[in-house]
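Below is one structure, written out as structure tokens, with a few remarks after it.
The shown structure was predicted, so the numbers you read here are calculated from the model rather than taken from an experiment.
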Amino acid sequence: MSEIAREAGALLMRHFRERVLIEYKGDADLVTIADRQSEALIRERIQAHWPSHDIMGEEQGLADTGSEYRWYVDPLDGTTNFAHGFPVFCVSMALDHKGERVAGVVYDPTRDEMFASQKGSGATLNGKPVHVSRTARLAESLVATGFPSHKRHKNPNIFFYHQLTLRSHGVRRAGSAALDLCYVACGRFDGFWEFNLNPWDTAAGVLMVQEAGGRISDFKGGNFQLSSRETLASNGLIQEEMISEFGKIFAGRGLEALPDPREYSAKL
Ligand code: IPD
Ligand code: CA
Ligand code: CA
């Protein structure tokens with residue numbers, strides 16, 4: 001699995017150095033030749049090794065034959081970064097057996113970092129075991145989020161971004177959900193949340209977090225499902241605090257008002 005991800009990562013890097021042409025799937029939803037070629041390569045390799053397995057990939061979708069095995073493939077997570085020359089993107093692949101996640105890899109070709117996890121066997125970064133952070137309070141945490149491009153105006157995440165910024169050491173919005181989850185797994189981030197992610201964004205990263213000793217849920221603390229429209233991951237220690245903050249934000253309680261830009265400019 002990691003060999004395939006590494007090969008796809010090398011393909012992405014060749015395109016990245018040349019600066020690829022941008023196409024549009026939606027208003028601000030980019031796709032490049034690199035997304036398509038990377039998925040084609042991954043599909044080819046999976047089919048050559050395991051011809052009976054089903055594959056759900058972001059670019060080509062799923063042909064469901066009812067196989068016990070299903071792959072979730074994001075051939076390029078972080079397309080917007082990639083297309084602009086911002087070096088934060090990866091290849092994400094996960095494998096389910098009878099609906100249970102058994103393995104996942106996320107490969108960042110810009111840093112040559114291979115995140116890998118196997119159910120019950122822990123999580124590794126370039127072969128070395130990794131663990132979530134030990135930060136116990138949100139106030140001392142570095143957390144991350146993301147904004148889905150085509151639904152940018154349809155979810156209230158900007159309010160969450162603002163409130164969490166005020167309650168933590170900071171919120172990063174780097175542009176690759178799969179890497180964000182891996183960074184929670186290896187302790188670079190203490191928590192991560194996002195609305196409206198897709199199964200190929202989360203399948204590998206979620207197993208990484210779980211195998212590294214972290215927790216995943218929806219925003220109310222309920223079980224996370226691949227079809228969940230809410231992803232909340234953390235080192236486990238700050239999960240309840242994040243859930244409680246989210247509850248307050250959804251209820252509109254204790255919110256610091258967003259500064260009014262008109263008031264700000266009038267004072268200049
Ligand atoms: C996107 C990235 C981004 C997240 C978006 C995803 P893509 O995936 O993971 O970080 O905020 O929600 O759609 O489109 O680059 O594969
Ligand atoms: Ca993605
Ligand atoms: Ca993608």
Side-chain angles (χ1 to χ4, degrees), residues 56 58 62 70 72 74 77 92 94 96 98-102 104 106 115 117 119 123 132-133 135-138 141-168 171-255:
M56 176 188 269
E58 178 172 13
L62 166 75
R70 178 177 293 182
Y72 292 95
D74 193 338
D77 186 51
S92 175
D96 275 22
K98 294 186 177 168
E100 197 193 347
R101 191 80 18 79
V102 289
V106 173
F115 297 90
S117 57
K119 182 90 190 160
V132 291
S133 70
T135 314
R137 296 175 53 226
L138 182 58
S141 295
L142 183 65
V143 293
T145 189
F147 294 81
S149 45
H150 54 298
K151 295 198 177 109
R152 189 177 294 148
H153 307 291
K154 295 186 190 156
N155 76 45
N157 199 24
I158 196 68
F159 293 96
F160 289 70
Y161 186 97
H162 180 230
Q163 299 304 319
L164 271 285
T165 296
L166 300 172
R167 288 163 176 65
S168 65
V171 182
R172 298 291 175 262
R173 186 271 185 263
S176 163
L179 280 179
D180 290 334
L181 286 164
C182 290
Y183 282 18
V184 172
C186 70
R188 293 175 187 168
F189 288 142
D190 305 298
F192 164 76
W193 81 94
E194 186 162 340
F195 289 82
N196 305 118
L197 284 169
N198 289 300
W200 48 81
D201 298 310
T202 52
V206 159
L207 185 64
M208 271 299 293
V209 172
Q210 288 167 332
E211 288 296 317
R215 224 183 114 188
I216 302 271
S217 70
D218 64 17
F219 293 167
K220 289 199 177 83
N223 276 349
F224 173 85
Q225 315 260 328
L226 275 190
S227 56
S228 295
R229 303 320 283 164
E230 300 171 349
T231 308
L232 174 56
S234 81
N235 62 6
L237 303 173
I238 62 163
Q239 190 89 358
E240 288 306 324
E241 212 183 332
M242 286 184 82
I243 292 166
S244 136
E245 287 303 329
F246 283 14
K248 285 187 220 154
I249 300 169
F250 276 125
R253 264 185 285 121
L255 298 185

Subject >> Between CG on residue Leu226 and OH on residue Tyr72, distance to nearest 0.5 Å >> reply: 5.0 Å
**OP:** Measure across Leu197 and Thr231 and return the closest heavy-atom pair with its distance rounded to 0.1 Å.
**Re:** CD1-OG1, 3.8 Å
**OP:** Using a 4.5 Å cut-off on heavy atoms from C-beta on, say whether the side chain of Pro148 contacts that of Asn155.
**Re:** yes
**OP:** Mind checking the CZ-OG1 spacing from Phe189 to Thr135? Nearest 0.5 Å is all I need.
**Re:** 12.5 Å
Original post:
Are the side chain of Arg173 and the backbone N or O of Ala144 linked by a donor-acceptor pair below 3.5 Å?
Top reply: no
**OP:** Find out whether Glu240 and Arg215 are in side-chain contact, i.e. whether some heavy atom of one side chain is under 4.5 Å from a heavy atom of the other.
**Re:** yes
Original post:
Does a side chain donor of either Ser133 or Asn235 reach within less than 3.5 Å of an acceptor in the other side chain?
Top reply: yes
**OP:** Might you confirm whether atom CZ of Phe159 has over 12 heavy atoms from other residues, nucleotides or ligands at distances under 6.0 Å?
**Re:** no
Original post:
NE2 of His162 to CG of Asn157: how many Å apart, nearest 0.5 Å?
Top reply: 13.0 Å
**OP:** Mind telling me whether Phe250 and Phe195 have parallel, tilted or perpendicular rings, with 30° and 60° as the class edges?
**Re:** perpendicular
**OP:** Flag the pair Glu241 and Arg137 as a salt bridge only when some basic side-chain nitrogen lies within less than 4.0 angstrom of an acidic carboxylate oxygen.
**Re:** no
**OP:** Nearest 0.5 Å please: distance from the CG atom of Leu166 over to the OH atom of Tyr161.
**Re:** 11.0 Å
Subject >> Straight-line distance of Gln210 CD to Ser117 OG, nearest 0.5 Å >> reply: 9.0 Å
**OP:** Considering non-hydrogen atoms only, spot the tightest contact between Leu207 and Gly104 and give its length.
**Re:** CD2-N, 3.9 Å
**OP:** Search all heavy atoms of Thr145 against all heavy atoms of Trp193 and return the closest pair with its distance.
**Re:** OG1-O, 2.7 Å
**OP:** Apply salt bridge (charged side-chain N to carboxylate O under 4.0 Å, His left out) to Arg229 and Glu194, showing your working.
**Re:** CA-CA 8 Å; Arg229 303 320 283 164; Glu194 186 162 340; over 6 Å; no
Subject >> Aromatic plane relationship, Phe115 with Tyr183 - under 30° parallel, 30 to 60° tilted, over 60° perpendicular >> reply: tilted
Original post:
Do Leu164 and Leu138 have side chains that get closer than 4.5 Å, going by heavy atoms?
Top reply: yes
Subject >> Residue pair Ser228 / Phe224: nearest heavy atoms and the distance that separates them >> reply: OG-C, 3.8 Å
**OP:** Decide yes or no for Ile216 and Leu232: does some side-chain heavy atom of the first lie under 4.5 Å from some side-chain heavy atom of the second?
**Re:** no
Subject >> Option from Asp74, Asp201, Asp77 for which side chain to side chain donor-acceptor pair (under 3.5 Å) with Ser176 holds >> reply: Asp77
Subject >> Contact summary for Val132 and Val184, nearest pair of heavy atoms >> reply: CG1-O, 3.4 Å
Original post:
Do you know the tightest heavy-atom contact between Arg101 and Ala94?
Top reply: CD-CB, 3.7 Å
Original post:
Are any of the side-chain heavy atoms of Ile243 and Phe219 separated by less than 4.5 Å?
Top reply: no
Subject >> Electrostatic pair Glu245-Arg253, nearest N-O below 4.0 angstrom >> reply: no
Original post:
Should Arg70 and Asp96 be marked as a salt bridge (charged side-chain N to carboxylate O under 4.0 Å, His left out) after you check the CA-CA gap, both sets of side-chain angles, and the distance that decides it?
Top reply: CA-CA 5 Å; Arg70 178 177 293 182; Asp96 275 22; over 6 Å; no
Subject >> Stepwise side chain to side chain donor-acceptor pair (under 3.5 Å) test for Gln239 and Ser234 >> reply: CA-CA 6 Å; Gln239 190 89 358; Ser234 81; 2.6 Å; yes
Original post:
Out of curiosity, Met242 CE to Phe160 CZ, how far, rounded to the nearest 0.5 Å?
Top reply: 10.5 Å
